[in-house]
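One structure is given below, encoded as structure tokens.
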Amino acid sequence: MRSDRLLSIMLLLQTHGQLPAATLAERLEVSVRTVMRDVEALSAAGVPVYTVRGPHGGIALLPGFRTDVTGLTSDEARALFVLLSDRAYADLGLGRAIGSALRKVMAALPAPYRPDADLASRRILIDPVRWRGGPSRPAADGLGVLQRAVFTDRRLRLRYQHGEDGRVRSYTVDPYGLVHKAGVWYLVADHRGEPRLFRADRALSAGVLDQPVQRRDGLELGDVWDVLRRRIDDIPAPVPVTVGVRREILGRFLRVHQADLAEPHLPADALPEDHRVTVELRFRSLGAAQALLAFGADAEVLAPVELRRALARRAAEAAARYADET
């Protein structure tokens with residue numbers, strides 16, 4: 001609808017200041033001619049919008065002009081109040097701020113929309129954290145360092161422990177932003193011009209450098225995240241692995257391999273004391289699945305047989321090495 005588009009133009013100009021007509025057209029998925037007609041309509045309605053000609057020109061609002069959100073539709077109002085659980089905001093130190101912000105938005109909504117918005121906030125909750133609590137979270141100070149690099153557009157020095165082999169490496173990265181996915185915070189950044197994904201809870205230390213970030217031109221967080229996400233989601237044939245896990249270490253096993261789980265599991269305290277639980281996992285490759293050897297005899301790979309043989313070889317090599325020293 002045109003009224004929605006007019007409001008969108010005002011909000012975009014309020015947020016970003018002067019914008020080229022071509023940028024507005026791209027954001028709104030219309031032609032530049034349509035944007036210029038909409039600008040004329042806003043001006044005729046009394047909105048102080050003006051155009052600046054030239055190579056550095058664009059469309060802008062007079063300084064000091066603000067509009068409210070009373071142009072929201074009923075569905076848009078409800079959408080604002082269908083939120084993630086408080087955990088993501090608390091991790092960022094924004095737990096109180098989100099509540100305050102929503103109260104202000106509620107007060108600005110048209111009166112007929114307020115009951116539906118309030119009902120949505122009380123009836124719908126999106127909790128992205130998987131069962132059994134998920135992996136451990138980074139300390140608030142650690143996540144705060146990552147935030148500071150992201151918001152100040154500075155390079156970041158990371159000392160990072162990889163999950164597959166446990167090795168610790170150091171990286172100087174150029175951050176695009178932070179992503180909260182299935183209860184885990186990730187840093188999206190370039191390392192030597194290539195997109196990389198770093199789990200925040202595996203950063204052993206982090207420091208903001210006094211160097212401006214060096215991102216690739218024309219890319220935003222969403223663009224880079226989509227590339228990295230597809231690398232994981234679009235694996236053509238993940239390797240299914242069946243593991244028998246002792247009940248006593250099941251909780252720790254599930255936390256470590258949460259991202260590899262193929263199906264949910266009963267709480268450990270709901271199982272018999274001597275029960276060995278069968279866990280179905282999915283790995284990117286047989287090589288990645290060899291990380292299961294870290295659990296020793298507490299987690300026995302039942303299938304596939306190729307993985308059992310590979311783990312047997314690695315265990316025999318380790319045993320032989322230690323035997324030589326006796």
One pair to check against side chain to side chain contact (heavy atoms under 4.5 Å, CB included): Arg27 and Leu24. What are the steps and the verdict? CA-CA 5 Å; Arg27 294 281 188 91; Leu24 285 171; 5.6 Å; no

What verdict does the side chain to side chain contact (heavy atoms under 4.5 Å, CB included) test give for Val179 and Trp185, after you've listed the backbone C-alpha separation in whole Å, the side-chain angles of each residue and the deciding distance to 0.1 Å? CA-CA 6 Å; Val179 173; Trp185 282 105; over 6 Å; no

Non-hydrogen atoms of [X] and [Y] that approach each other most closely:
X	Y	value
Pro304	Pro240	CD-O, 3.5 Å
Leu293	Ala315	CD2-N, 4.3 Å
Val224	Pro195	CG1-CB, 3.7 Å
Gly58	Gln18	N-NE2, 3.7 Å
Ala206	Leu146	CB-CD2, 4.0 Å
Met10	Leu61	O-CD1, 3.8 Å

Does [X] belong to the same Ile/Leu/Val/Met/Phe/Trp/Tyr cluster as [Y], with side-chain heavy atoms less than 4.5 Å apart forming each link?
X	Y	result
Val35	Val52	no
Leu178	Val213	no
Leu219	Leu228	yes
Val243	Leu302	no
Leu187	Val227	no

Sequence neighbours excluded, which residues qualify as side chain to side chain contact (heavy atoms under 4.5 Å, CB included) partners of Thr51? Met36, Val39, Ile59

Pairing residues for Ser43 by the side chain to side chain contact (heavy atoms under 4.5 Å, CB included) criterion, not counting sequence neighbours: Val49

What pairs of residues pass the salt bridge (Lys or Arg N to Asp or Glu O under 4.0 Å) test when at least one of them lies in residues 183-193, not counting sequence neighbours? Asp190-Arg216

Separation between [atom1] of [X] and [atom2] of [Y], rounded to the nearest 0.5 Å:
X	Y	atom1	atom2	answer
Arg37	Thr34	CZ	OG1	4.5 Å
Gln161	Arg202	CD	CZ	8.5 Å
Leu286	Leu307	CG	CG	6.0 Å
Arg5	Leu28	CZ	CG	7.5 Å
Asp174	Leu209	CG	CG	9.5 Å
Leu281	Gln258	CG	CD	12.0 Å

From the list Thr242, Leu261, Asp260, side chain to side chain contact (heavy atoms under 4.5 Å, CB included) partner of Val279 resolves to Leu261

Using the side chain to side chain contact (heavy atoms under 4.5 Å, CB included) definition, which of the options Leu143, Val208, Leu156 pairs with Arg148? Val208

More than 12 heavy atoms of other residues, nucleotides or ligands under 6.0 Å from CD of Gln211: is that the case? yes

Decide, yes or no, whether a salt bridge links Asp226 with Arg230 under the criterion of side-chain N to carboxylate O below 4.0 Å. yes

Step by step, would you call Phe295 with Val256 a side chain to side chain contact (heavy atoms under 4.5 Å, CB included)? CA-CA 10 Å; Phe295 284 89; Val256 172; 4.1 Å; yes

Qualifying residues under salt bridge (charged side-chain N to carboxylate O under 4.0 Å, His left out), relative to Arg246, sequence neighbours excluded: Glu248, Asp298

Let's go through His257 and Leu292 carefully: what are the C-alpha distance in whole Å and the side-chain angles of both, what is the deciding distance for side chain to side chain contact (heavy atoms under 4.5 Å, CB included) to 0.1 Å, and is it a yes or a no? CA-CA 9 Å; His257 290 286; Leu292 293 167; 3.5 Å; yes

Val239 side chain near Val241 side chain, heavy-atom distance below 4.5 Å: yes

Are Tyr176 and Glu220 packed together at the side-chain level, in the sense that at least one heavy-atom pair is separated by less than 4.5 angstrom? no

Once ring pair (Phe, Tyr, Trp, His ring centres under 6.0 Å) is applied, what residue pairs with a partner in residues 197-234 remain, sequence neighbours excluded? Tyr160-Phe198, Tyr171-Phe198

Please confirm whether the backbone N or O of Gly244 pairs with a side-chain atom of Arg276, one donor and one acceptor, at under 3.5 Å? yes

So, Arg154 side chain and Thr152 main chain: donor-acceptor pair closer than 3.5 Å or not? yes

Do we see a donor-acceptor contact under 3.5 Å between the side chains of Arg159 and Ser170? no

So which pairs with a foot in residues 300-309 pass side-chain hydrogen bond (donor to acceptor under 3.5 Å, both in side chains), sequence neighbours left out? Glu300-Arg308

